[in-house]
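Below is one structure; the comments refer to it alone.
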Amino acid sequence: HGVVGIVSSRLTKKYMKLVDWAKSKEITYKKTYGPLEFCKMINVDSAVKAGEIFEKALYSFELVSEAEEIEFNKLIEETIK
């Protein structure tokens, strides 16, 4: 796991903040939803962009860069503000 696991863990914690926020807006999260699929349900551009980065972190062979992690955090905060 190493660095990949650490980054995924940090992104997952932030993503779960988005899930909790969405619940407060009556957008139901199901474990069967992919991150991007769920973020599209939120229907906010910043959430969709965050979903794309989170899917890359989870499923891509390409590592998420430090800049992408920073962008992801900003996008989540922008969505839930």
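For the numbers below, each heavy atom of this structure counts, side chains included, while hydrogens, waters and symmetry mates do not.
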**Complete:** Residue set satisfying ring-ring contact (aromatic ring centres under 6.0 Å, His included) with Tyr33, at least two apart, ordered chain then number -> none
**Message:** Please find the pair of heavy atoms, one from Cys39 and one from Gly51, that lie closest to each other, and give the distance.
**Reply:** SG-CA, 3.6 Å
**Asked** Rounded to the nearest 0.5 Å, how far does CG of Leu58 lie from CD1 of Ile53?
**Response** 12.0 Å
**Message:** I'd like to check the side chain to side chain contact (heavy atoms under 4.5 Å, CB included) partners of Val19; sequence neighbours left out, ordered by chain and number.
**Reply:** Tyr15, Met16, Lys23, Tyr29, Phe38
**Asked** Say you draw a straight line from CZ of Phe72 to CD of Glu77; how long is it, rounded to the nearest 0.5 Å?
**Response** 10.0 Å
**Message:** side chain to side chain contact (heavy atoms under 4.5 Å, CB included), that's the test. Do Leu18 and Phe54 meet it? Break it down for me.
**Reply:** CA-CA 12 Å; Leu18 179 65; Phe54 193 51; over 6 Å; no
Name the atoms and distances for all side-chain donor-acceptor pairs under 3.5 Å in residues 40-50, with sequence neighbours left out.
{"unit_1": "Ser46", "atom_1": "OG", "unit_2": "Thr79", "atom_2": "OG1", "d": "2.6"}

**Prompt:** So, Ser60 side chain and Ala57 main chain: donor-acceptor pair closer than 3.5 Å or not?
**Reply:** no
**Message:** Out of the candidates Lys56, Glu52, Glu55, only one should pair with Pro35 under the side chain to side chain contact (heavy atoms under 4.5 Å, CB included) rule; please name it.
**Reply:** Glu55
**Message:** If I take atom CD from residue Glu71 and atom CD from residue Glu78, how far apart are they, to the nearest 0.5 angstrom?
**Reply:** 9.5 Å
**Message:** If I compare all heavy atoms of Glu37 with all of Thr32, which pair ends up nearest, and what's the gap?
**Reply:** OE1-O, 4.1 Å
**Message:** Nearest 0.5 angstrom please: Leu75 CG to Ile70 CD1, how far?
**Reply:** 12.0 Å
**Prompt:** Applying the 4.5 Å side-chain criterion to the ILVMFWY set and letting contacts propagate, would Leu36 and Ile80 be lumped into a single cluster?
**Reply:** no
**Message:** When you measure from the side chain of Glu68 to the backbone of Ser65, do you find a donor-acceptor pair of N or O atoms at a distance under 3.5 Å?
**Reply:** yes
**Fill in**
Here the gap from Asn73 atom CG to Lys14 atom NZ, rounded to the nearest 0.5 Å, amounts to 5.0 Å
